[in-house]
Structures are given as C-alpha cells and as structure tokens.
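Before any comments, here is the structure.
Remember, predicted model here, so these are calculated numbers, not experimental data. Start at 1 with the first residue, then count along the sequence.
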Amino acid sequence: MAVYELKNRLVVGIASSALFDLAESDAVFRDQGEDAYRAYQEAHLADTLDKGVAFPFIRRLLSLNDLSPDDPLVEGIILSRNDPDTGLRVMRSIQSYGLPISRAVFMQGRSPYHFMPALNMSLFLSANEDDVREAVALGLPAGRVLGPAVADEGDDQDLRIAFDFDGVLADDASEQVYQSGGLEDFRFHEVTNAATPHDPGPLRDFLAGVNRIQRREAERRAADADYRFRVHVSLVTARAAPAHERPVRSLKKWGVTVNDAFFLGGIDKSTIMEVLRPHIFFDDQVGHLTGTARSTPSVHVPFGKINQPDRSLGA
C-alpha cells in the first residue's frame, strides 16, 4: 500500500466526546465502572450516537474535500481514550452519518494527544478538559468543546469559523499587559507596538490551513463563475480602536487572512454570535464563552497566563 502523506493536508484530531454526545455513556462509566461501560457499549453497538458540539463543524470541513476529490484537502482522525473494542460504536456512528472519517487512534484510557505532531494535526478538539490542558501546555493546538450541541442545519452547506485574537491566533503577551496594568496601559502598549507583529498563538497554523482551502475555493470560482464560496472566517475580539491596528498588521505579516473583523470593545460576544451563527468559535477565556455556548458551538483554548490555575494576574 502506498504511503498516505499528511503534510500538505489540514489535519484535525477529534475526540469522540467532541464529535458525539457521550453524556449517557460517560455516566455509565462514572457510576458503574469500566466493566459496565463495556457491556453498555456492546449492548448499544447498533445505536447511532447523537451528534455532539463539533459535529456540524467537522461535517462541513470534511465536505470541502469535493474541491479535490483525488487528493483530499482535509483529514479528520479520531483520537480516543476508548480501546478498539469499545470504540466500535463510535466508528459505526461515523459510518451511519456518512462522515468520510476512516482513520482513528484508540488508546484504552490513555491520553491520545501525544500523537498530534506525528499526524501533522493543527487542531485537536475534545470535551476532556485534562487532555486539552495538557496538550496546550506542551505547545499543541487543542481546544475543549463547551455547551450543548446545536442543531446541524442540513440545507446550510457553508462553514463559518470565528476566532478570538489574543491567546488564540496570537500569543497572550498583550493580554498579560491588560491583566497587570489595566486598559490604559494595554492601549498605550498596543499603539506603541502597532508595527510590531505579535508572536503566533496556538491556532495561527490552523487558520493558515483554512486559508489554503479558501484559496482553492478562489481557484474554483475563477474556473466556474457559478461556484459559491462556502468558507467564511471572522475575527471577534474584545479589542477596540486604537488597539485594533496591531492584530490587522499581525495577520498580514503572518500571511493569513480573515473575511471580516469585529472589534467589540467589551460588548457581549454572544450578541454577535447570534447573528453571525458560526459553526465554531474559539476563545481563550471561559467567561466570554459562557454566553456564546448557549447558541454557538464554542471551544475554550486554555492558553496563556490567564488559564494557569496558580496565575498571579487578575481573573
């Protein structure tokens, strides 16, 4: 068999807890133990799992492979704490929904994120907070899905992705200035350093991968005027003028782009999400996601000083 190369693809790792609703299965494991969990999964092997928080995002992302049927642009790989036996229900559910996911790593109770670099992953999604925090602490791009699953509208084939900036696309150096010195120090720091690009954060490379797909869409549009762009990327940040310029310049310096930007200056992000309706939103602060998760598939990226339990900075 020929080697299947991953280096030129956008590879996303998905825990079964992000792709499907495992609340019932997890309750059996917690309340009755591993043997009962195994028996439960065996008894329900033919029962398709309900869709989870990340399902609409993953389905749409994988659908973009129709831009290159012979050489897929996107690869989704299951990273699971299940063993192969108890993971059978996950794989059967994937098949039942018609998701083009054929590759999986099952680790029997152990954290699977260590394999992210070997599999060229630019994102790992899971509902397991410990796994995500440990992955991010190692410099790996991971996020924890929050909130209930949102209805997956089958007639909507677009893919809308929204990112916070500090601690997500960029590092948290400026956020630390804000936490230690307040808003005025933060504004002065950002205006003074407007021409200096930020260091990249955990999801900069994932955005670069999304941009590659958008360029493929542009090529398709050039060849077919009837082709309709499906991928739309938004920046949604609590920054406001005059601190808006440095993020824009940083994105350009990194060679990545967004389609639109919201500089909200403290306005509740959930009010924007209800109109924007992204299929996934990444933010580094749980406080921002408490509101968005009620209506928007939301992901906490526990990056930076503000996410350290023993941090000396403000909450």
Given side chains that start at C-beta, do those of [X] and [Y] come closer than 4.5 Å, heavy atoms only?
{"X": "Arg239", "Y": "Ser174", "value": "yes"}
{"X": "Val299", "Y": "Leu146", "value": "no"}
{"X": "Val90", "Y": "Ile94", "value": "yes"}
{"X": "Ile213", "Y": "Val74", "value": "yes"}
{"X": "Thr48", "Y": "His44", "value": "no"}

With [X], which residues qualify under side-chain hydrogen bond (donor to acceptor under 3.5 Å, both in side chains), at least two apart?
{"X": "Arg30", "value": "none"}
{"X": "Arg60", "value": "Asp152, His279"}
{"X": "Tyr113", "value": "Glu134"}
{"X": "Glu129", "value": "Arg133"}

Contact list for residues 204-213, test side-chain hydrogen bond (donor to acceptor under 3.5 Å, both in side chains), sequence neighbours left out: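 Listed once each, the pairs are Asn211-Gln214.
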Which pairs count as side-chain hydrogen bond (donor to acceptor under 3.5 Å, both in side chains) when at least one residue sits in residues 18-27, sequence neighbours excluded? Glu24-Tyr40
If a pair satisfies ring pair (Phe, Tyr, Trp, His ring centres under 6.0 Å) and one of its residues is in residues 71-91, list it, with sequence neighbours excluded.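 Residue pairs with at least one partner in residues 71-91: there are none.
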Report the C-alpha separation of His189 and Arg246 in whole Å, then their side-chain angles, then the decisive distance to 0.1 Å, and conclude whether the side-chain contact (heavy atoms from CB on, under 4.5 Å) test is met. CA-CA 10 Å; His189 180 269; Arg246 194 177 181 200; 3.6 Å; yes
Side chains of [X] and [Y]: donor-acceptor distance under 3.5 Å anywhere?
{"X": "Arg81", "Y": "Ser111", "value": "yes"}
{"X": "Ser270", "Y": "Asp268", "value": "yes"}
{"X": "Asp71", "Y": "Ser68", "value": "no"}

To the nearest 0.5 angstrom, please state how far the [atom1] atom of [X] sits from the [atom2] atom of [Y].
{"X": "Met273", "Y": "Asp283", "atom1": "CE", "atom2": "CG", "value": "8.0 Å"}
{"X": "Asn307", "Y": "Lys305", "atom1": "CG", "atom2": "NZ", "value": "12.0 Å"}
{"X": "Phe124", "Y": "Met116", "atom1": "CZ", "atom2": "CE", "value": "7.0 Å"}
{"X": "Ser17", "Y": "Leu125", "atom1": "OG", "atom2": "CG", "value": "9.5 Å"}
{"X": "Leu159", "Y": "Ser63", "atom1": "CG", "atom2": "OG", "value": "7.5 Å"}
{"X": "Ser234", "Y": "Asp164", "atom1": "OG", "atom2": "CG", "value": "12.5 Å"}

Among all residues two or more places apart in sequence or in another chain, which pass the ring pair (Phe, Tyr, Trp, His ring centres under 6.0 Å) test with [X]?
{"X": "Phe29", "result": "Tyr37"}
{"X": "Phe281", "result": "none"}
{"X": "His198", "result": "Phe165"}
{"X": "His232", "result": "none"}

Is the terminal nitrogen or CZ of Arg220 (NZ for Lys, CZ for Arg) located under 6.0 angstrom from the six-membered ring centre of Tyr227 and within 45° of that ring's axis?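 Relative to the ring axis of Tyr227, which defines the angle, Arg220 lies inside both limits.
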Inspect the contact between Asp156 and Arg160 and indicate whether a charged nitrogen and a carboxylate oxygen are less than 4.0 angstrom apart.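 A salt bridge links Arg160 with Asp156.
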Charged N-O contact under 4.0 Å between Asp158 and Arg228: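 Yes, this pair counts.
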Write down the atom of Ser122, the atom of Leu10, and the distance for their closest heavy-atom approach. OG-CD1, 3.1 Å
More than 12 heavy atoms of other residues, nucleotides or ligands under 6.0 Å from CD of Gln95: is that the case?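 No, not enclosed.
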Expected list for residues 100-109: side-chain donor-acceptor pairs under 3.5 angstrom, two or more places apart:
| residue | atom | partner | partner atom | Å |
| --- | --- | --- | --- | --- |
| Arg103 | NH1 | Glu75 | OE2 | 3.0 |

Any side-chain to backbone donor/acceptor pair from Thr192 onto Glu190? Under 3.5 Å, distance only.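 No; judged by distance alone, with no hydrogens or angles, the pair does not exist.
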ILVMFWY cluster, Leu203 and Leu73 together (side-chain gap under 4.5 Å):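 Same hydrophobic cluster.
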